[in-house]
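I have placed the structure first, in the form of structure tokens, so that the comments after it can refer back to it.
For the numbers below, each heavy atom of this structure counts, side chains included, while hydrogens, waters and symmetry mates do not. Quick note on labels: first sequence line is chain A, next is B, and so on, each numbered from 1.
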Amino acid sequence: MASIWLFLVFFGAIYAKIDTGLLGGSLPLQNPNFQTNGFDPATSTFGSGEPIAGVSTAHWLGTDAIARDTFARIVHGGWVSLVVVVVSAGCGIIIGGFLGSLVGFVRGRTETIVMASVDVILAFPALVLLLALVSIFEVRNLFVISAVIGVLSIPAYTRVARANSLAVSSREFVTAARAIGTKPSRILFREVIPNVLPTLLAYAMVAAAFVVVVEGSLSFLGLSVQLPTATWGNMINQARRDIKINVAQVIWPSLALSITVLSLNQVGDFFQQRREVRGSNL
Amino acid sequence: MGETVMRRKGLYRSVAFLAIAGLIAGACGGDDDSAPADTPSEEAEAPADEPAEEPAVEAGDVAEGDVDTAIEEEESTVAYGGSISVGLEAEATGLRPWEDTCSSPCYNMMISVFDKLIEMDVNGNYVPYLAESLTSNEDFTVWTMTLRGDVTFHNGVELTAQSIADMFPIQQAGAAGSSAIAAANLVSVEATGDLEVTYTLSEGGSAFPATLSRAPVGFVFEPAAAAADSEGFSMAPVGTGPFVIDSRDLDNETTFVRNDSYWATDPDGNALPYLDSISFRPIPDEGTRLDALLSGTVNAMQTLRQGTIRDARNARDEDGADITLYEFQGNNVGGGMYNVLVPPFDDVRVRRALTHMNSQEQVIEALGGTGISLPGTQWFSPDSPWWSEKVAEAWPKFDFEGGVAILTEYVNDPERSDGKAVGESIDVELSCPPDPTLIASMQVVEQLYTASGLVNVTMTNYDQQTHIGIALGGENGFVGNHQQHCWRWSSDDDPSVNLTPALAPPTAEIAEAIGLPGVVSPLNFSNWFSPTAFQAAVAATKTDDFATRYGLYESIMLEFADQVPVYYSGHTATAIGTESNVLGLNSWHVPSGELGIGFPNAEGRWAEVFISS
């Protein structure tokens, strides 16, 4: 079920992006930013859409405070989460994974310096540090948000990679490689990193759940991507004002966020269990 | 002639000082600490001949969709006894009038324990309250006040003119008091008789009675108790008010009990207050506070949010909740400004076009204020005596095609100020604080602008402090880094308080160009400067003739309508909700027997509140 949900979110996000980016909104998904009660210059009239409306055939999940289709916004909101997750995992695995693998392999002063730096960064409350970094940027687009979250993901991946690198570096096949005179860089790239990578991928699923929550928190606080881009967090934030009139407008994006986080945790746990089994077989 | 010039320069400098001092209050929505506006009278105890009443009534009558709760005599029989609990939106920052910057929640508490020297009656006139009379000399530099006799503080000390004089050095040293004193150009307060106090101003100001109607200078506290323990005074305030502090548990509950020796009576001569005690509980969350009223956890609650007013109305009208809503539409008006020193907003065509393309109705709906908040056309609400129908008619209304036509003219102008090529869209950065209602409203505006095909809109949100800092522009000579910026305008204070600094020279260069080097007002956030408007604003502080002042402020508002440095959404609606058996909020009286102003900015006067049987 978790996989199905994640597939739906992934597919929906890609579909929405293709629709707006390449096909100009010709696919049967409403424009997430179209205000159905908005002004139409062609007819010089305002639309008849109802703000904060309930579920209907025209609007499967109702409309928000300015009469935009909630379903379309949830689907499009998945794109932001998807990009942030992919970028943060990419940054974490590539930079953090390499760094952790390297210091776990070479040890010595390099390890001390790198891990001390990692510890210092991890000592800061993650969300507070993130808020501080995000506040620096005047323009907060998807690239900036993803990059900031990605950079902040690096220390955690470094720590995980280093722990695994230590274990892998003491395995027999690494010792054998050293014994036959293989160059350290070759051992690192051919023996250590490939064995650290599966753990990092499993960790990435769990970390993705955290990243989705973090992005949602930023959006809720108005510090994520700029309006009118739909994100689940900013949908919750904007709907909370009308919670007494239509609580569903808060519930729908909250559900999307919660189920996605739960699914990522489930899938992450699954991969981690598989990794443990494979590791024990080595 | 030379003397005149000197005096004027002095006034301009005082305007600049006022501007700087007022920054702390935060012009963006920081209008809680404000007083109802009206003409000050040379003789405050004799407002009968003022023309203020006529425009006030006319304005209110012609306003469409007026949503204010009427101020009227209570028909129920008053009853003594009982206690009520009031939910406030925040804890009071403190209960020291001279020190603590007081907003609406705080005023509800302070007004229970302190009396004002001057109050506002139902007609919007400043009238004596704890004072018995207030008169000024011809140039408004010396004001003589006579106090009411036989009034004692809660600690038994008698109120005399010396009490007021002794308050002055404490007020001068206080954070809130010092800026208010500077803004009023008040230089000395002397006891010139047992009950006679003389206020001396360095620059005459006809709006001085307004200063005596608000916290820092107008609220009377026992100076010896304040001097003895300034910190402790916040927990155990001593005033002459209808209630005496009983207990104060910060962030939980502050309880006041009846002052048995209170001086005021109702029009029938019955001693006040009616209630045995009143408690105030800070409940910051709007929904929780309303729920507290609906569930009976509190007997009354205040709100300054139209969304909460809407929910309270729904609870009353649709769910049958047994509550009464006392609604008030103040002068404070939402909207925003264009930074006229930044292209393309330096061209009035762009400002007019954008304003024409901005649908107030849609914006108010997005703000959740439909049927609650009246559309703004000026700095005064239709109930204000300063409201002008002429200005309302002159204000650029929603006219999308008209706006597009004007903007097209600018876009196709080879001399366009933003340096872009002919035919290129203009760039607009639209910024509001990250409040859900403001976010919704700015997206409505963005959709309208984008629909024109002539505007590239970027929307930004910064926290309130950053938002103000961007508009302030301390690092670039107060030009600011904003373009189209959400803002709030005006307050229920005398118009001079907000308008004069907003019209003063915004930058050193402009000040120098008009022969007033060094006179810069950081509170001119839109950076729009008009010599005629500024002169009118200054002239309005030099007369107490309402008709003259009205004409001057109307001329300024008409210039606003023509030059459009600012734009408006709706007036700020506030409300106090009570259980339906809690009566008297809209029927309290000033000592002359006239009805009081009611409950502006959700600030109740609780002395005549009673629980109906």
For A:Ile94, does the CD1 atom sit with more than 12 other heavy atoms under 6.0 Å from it, leaving out its own atoms?
no
Does B:Tyr410 OH have over 12 foreign heavy atoms under 6.0 Å away?
yes
Considering only heavy atoms, which portion of [X] lies under 4.5 Å from any heavy atom of chain A: side chain, backbone, both, or neither?
X: B:Asn314; answer: side chain
X: B:Ser441; answer: neither
X: B:Gln443; answer: both

Using only non-hydrogen atoms and a strict under-4.5 angstrom cutoff, which residues of residues 216-234 of chain A touch chain B?
A:Leu221, A:Gly222, A:Gln226, A:Leu227, A:Pro228
Residues in residues 244-265 of chain A near chain B [non-hydrogen atoms, under 4.5 Å]
A:Lys244, A:Ile245
I want to check something: taking the side chain as every heavy atom from C-beta on, are B:Phe400 and A:Ser44 in contact at a cut-off of under 4.5 Å?
no
Okay, A:Asn37 and chain B: the region with an atom under 4.5 Å from a heavy atom over there is both
Minimum heavy-atom distance [X]-[Y], with the two atoms named:
X: A:Arg241; Y: B:Gly368; value: NH1-N, 3.5 Å
X: A:Asn237; Y: B:Pro436; value: O-CG, 3.4 Å
X: B:Gln447; Y: A:Phe39; value: NE2-O, 3.3 Å

Could you list the donor-acceptor pairs under 3.5 angstrom formed between side-chain atoms of residues 300-308 of chain B and any protein atom two or more places apart in sequence or on another chain?
residue: B:Gln302; atom: OE1; partner: B:Glu89; partner atom: N; Å: 3.2
residue: B:Gln302; atom: NE2; partner: B:Ser104; partner atom: OG; Å: 3.0
residue: B:Gln302; atom: NE2; partner: B:Ala602; partner atom: O; Å: 3.0
residue: B:Thr303; atom: OG1; partner: B:Glu286; partner atom: OE1; Å: 2.6
residue: B:Thr303; atom: OG1; partner: B:Arg305; partner atom: N; Å: 3.1
residue: B:Thr308; atom: OG1; partner: B:Glu286; partner atom: OE1; Å: 2.6

Test: A:Asp242 and B:Arg310 ion pair at under 4.0 Å:
yes
Ignoring hydrogens and angles, write down the donor-acceptor pairs under 3.5 Å from the side chains of residues 471-478 of chain B, residues two or more places apart or on other chains.
residue: B:Glu475; atom: OE2; partner: B:Asn481; partner atom: ND2; Å: 2.6
residue: B:Asn476; atom: OD1; partner: B:Val479; partner atom: N; Å: 3.4
residue: B:Asn476; atom: OD1; partner: B:Gly480; partner atom: N; Å: 3.0
residue: B:Asn476; atom: ND2; partner: B:Gly480; partner atom: O; Å: 3.0
residue: B:Asn476; atom: ND2; partner: B:Asn481; partner atom: OD1; Å: 3.4

So, for A:Phe46 and B:Phe398, is the gap between ring centers shorter than 6.0 Å?
yes
What option among B:Gly453, B:Ala315, B:Ala366 has the most heavy-atom pairs under 4.5 Å with chain A?
B:Ala366
Could you tell me which of B:Glu446, B:Glu365, B:Glu361 has the largest number of non-hydrogen atom pairs under 4.5 Å with chain A?
B:Glu365
Within the distance-only criterion (no hydrogens, no angle test), does the side chain of A:Gln238 pair as donor or acceptor with the backbone N or O of B:Ala440 below 3.5 angstrom?
no
